[in-house]
Amino acid sequence: MKSCYLRAAMKLLVTGIAGFIGSHVAERLVGRGDTVVGLDNFDAFYARSMKERNVSSLRGHVEIVDGDIGDRACLDALLQRGGFDAVLHLAALAGVRPSLRAPWRYQLVNVVGTSHVAEAMVAHGVGRLVFASSSSVYGNNTDVPYEESQRVDLPASPYAVSKRACELLLATLCDLFGLSASCLRYFTVYGPRQRPEMAIHKFARSITRDEPVTLFGDGTSSRDYTYIDDIVDGTVAALDRAPNGFSLYNLGGTRPVALAELVVRIGRALAREPRIVHEPMQPGDVLRTWANTARAERDLGYCPRVNMDEGLTRFAEWLQHNAVD
Ligand SMILES: NC(=O)c1ccc[n+]([C@@H]2O[C@H](COP(=O)([O-])OP(=O)(O)OC[C@H]3O[C@@H](n4cnc5c(N)ncnc54)[C@H](O)[C@@H]3O)[C@@H](O)[C@H]2O)c1
């Protein structure tokens, strides 16, 4: 017999809606009938035109407010309208290497901004938060695959510090004010609309233009790459199913790939031969990431489905029609 599961539609605030992950998550939520209000300041980290393109299919279905998570009055004005069931907080300055150029800015935008979001939620009685944390909190931990129970007190970049600080802050605010916050440690996310400075997007652009791909290090560093649809599944599941109180989950693809191998696979997806130039490892970069996702499987039913070759093929198709200038 077919089981009948009726889910009440929710009203949600999505911060960072114009970004890579935020726009995909919002599309999924709108598609299943939730009411979404988006907040984004269209930060200049990459071109506004790309972010406008990210949300083009959402326009008309979603109200998108051009505002800043650092602006408490803006958050108050939104949440005091009432009726919000949860906030998906994805807005941040992302990226490890750029965080070395302005460590203070990453703390200001990410940590202070997250505090504003959580405090506004408490003030307006919104009880559930899903927060985009990062695998970078594991730093150069050699104990792989990474588990949420491991100590994470040696982050390797100001960006990683900001994400770990947000986790600690949210754990404390949950204890103090009865908030429920689920922190999702995303492991290198890729797919259509990936941020232009991220490795797969950058390498694919170079290969398409027949320019050399610059690899930092000897090519043996590895990442656990996660396809965007799997990240959306895990994020929406956290919204629907995470336990009350504070929780932490790894969301990864669970099959790390070495950098040199990644370039070969991107070349295959683009049907081009990559040319490679080696440069020294960059400060702030870590040697490896690798997620143990047992906790997310158990609590959220998370199960990454898209293998890397399939994911890269979908990304390559998208890139053909969406080349960055
Ligand atoms: N992409 C990844 O691989 C990855 C991995 C781990 C964690 N994350 C986290 O996931 C989230 C989304 O990442 P993404 O790759 O989609 O990045 P993104 O840069 O594409 O999206 C972030 C969005 O937040 C907005 N934003 C930045 N500062 C803001 C502010 N002060 N107020 C309002 N909006 C602001 C930006 O304009 C952007 O649209 C971030 O929190 C990021 O740190 C991403």
Side-chain angles (χ1 to χ4, degrees), residues 13-27 37-55 58 64-72 74-75 78 87-96 98-99 102 105-117 120 129-138 146 155 157-167 183-202 223-228 230-232 234-235 238 249-253 286 289 291 311 315 324:
L13 174 64
V14 178
T15 75
I17 193 167
F20 163 41
I21 301 173
S23 58
H24 281 282
V25 169
E27 279 173 9
V37 177
L39 177 68
D40 204 297
N41 72 349
F42 295 84
D43 181 88
F45 184 61
Y46 62 93
R48 182 171 182 128
S49 58
M50 292 185 72
K51 296 181 183 183
E52 289 290 359
R53 221 185 302 169
N54 289 346
V55 289
L58 287 167
I64 299 177
V65 176
D66 192 336
D68 199 307
I69 53 167
D71 179 356
R72 174 64 194 269
C74 168
L75 291 164
L78 277 173
V87 175
L88 272 88
H89 175 35
L90 307 175
L93 285 182
V96 166
S99 76
R105 211 174 154 236
Y106 277 69
Q107 312 317 309
L108 182 65
V109 174
N110 296 355
V111 186
V112 176
T114 296
S115 202
H116 280 311
V117 169
L129 174 67
V130 174
F131 169 69
S133 188
S134 163
S135 61
S136 65
V137 300
Y138 290 104
Y146 298 149
S157 68
Y159 168 71
V161 169
S162 77
K163 289 295 177 180
R164 182 59 184 145
C166 288
E167 291 181 353
C183 297
L184 307 179
R185 292 176 175 169
Y186 294 154
F187 283 65
T188 317
V189 190
Y190 73 102
R193 304 182 201 151
Q194 190 192 41
R195 297 198 319 265
E197 97 292 356
M198 290 187 76
I200 291 178
H201 197 157
K202 211 169 58 175
R223 293 285 177 278
D224 185 343
Y225 295 97
T226 320
Y227 191 69
I228 182 66
D230 291 325
I231 286 294
V232 172
T235 304
Y249 294 102
N250 287 340
L251 294 185
V286 296
T289 65
F315 175 74
V324 181

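The analysis underlying the following values was restricted to heavy atoms, covering all of them including side chains, and did not include hydrogens, waters or symmetry mates. Position 1 is the first residue of the sequence, and the numbers go up from there. Counting starts at 1 for both ligands and their atoms, following the listed order.
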Taking the non-hydrogen atoms of Ser133, is any one of them nearer than 4.0 angstrom to ligand 1? yes
Asp40 heavy atom under 4.0 Å from ligand 1: yes
Do the ring planes of Tyr106 and Tyr159 sit parallel (below 30°), tilted (30 to 60°) or perpendicular (above 60°)? perpendicular
Mutual orientation of the aromatic rings belonging to Phe131 and His89 [parallel < 30°, tilted 30-60°, perpendicular > 60°]: tilted
Any side-chain heavy-atom pair of Met198 and Tyr190 under 4.5 Å: no
Please report whether ligand 1 has a polar contact with Val189, defined as an N or O pair separated by less than 3.5 Å (distance criterion only). yes
Within the structure, does Ile69 bring an N/O atom to less than 3.5 angstrom of an N/O atom in ligand 1? yes
Would you say ligand 1 has an N or O under 3.5 Å from any N or O of Leu90? yes
Side chain, backbone, both or neither: which part of Lys163 has a heavy atom under 4.0 Å from ligand 1? side chain
Arg195 charged N/C atom sitting above Phe20 aromatic ring, 6.0 Å / 45°: no
One finds that the ligand 1 atoms under 4.0 Å from a non-hydrogen atom of Met198 are 1 (N), 2 (C), 3 (O)
Hey, does Phe20 come in under 3.5 Å of ligand 1, counting only N/O atoms on both sides? yes
Is the shortest side-chain heavy-atom distance between Leu39 and Cys74 below 4.5 Å? yes
With respect to Tyr46, determine whether any N or O atom, backbone or side chain, lies less than 3.5 Å from an N or O atom of ligand 1. yes
Contact region, Lys51 to ligand 1, non-hydrogen atoms below 4.0 Å, reads side chain
Mark up the atoms of ligand 1 that fall under 4.0 Å of a heavy atom belonging to Ser134, in ascending order. 6 (C), 7 (C)
For Gly16, the ligand 1 atoms with a heavy-atom partner under 4.0 Å come out as 23 (C), 24 (O)
For atom 15 (O) of ligand 1, state which one of Arg195, His24, Arg105 supplies the nearest heavy atom. Arg195
Looking only at heavy atoms, is any part of Phe42 under 4.0 Å from ligand 1, and if so is it the side chain, the backbone, or both, or is it neither? backbone
Will you find, in the side chains of Tyr138 and Arg185, an N or O donor that is under 3.5 Å from an N or O acceptor? yes
Please verify whether a non-hydrogen atom of Ala18 lies at under 4.0 Å from ligand 1. yes
Would one find an N or O of Asp43, backbone or side chain, under 3.5 Å from an N or O of ligand 1? yes
Given Tyr159, Phe45, Tyr225, which one has a non-hydrogen atom that is nearest to atom 8 (N) of ligand 1? Tyr159
Nearest non-hydrogen atom to atom 16 (O) of ligand 1 belongs to which of Ile228, Val96, Val137, Ile21? Ile21
Could you tell me whether Asp68 approaches ligand 1 through its side chain, its backbone, both or neither, with non-hydrogen atoms closer than 4.0 Å? both
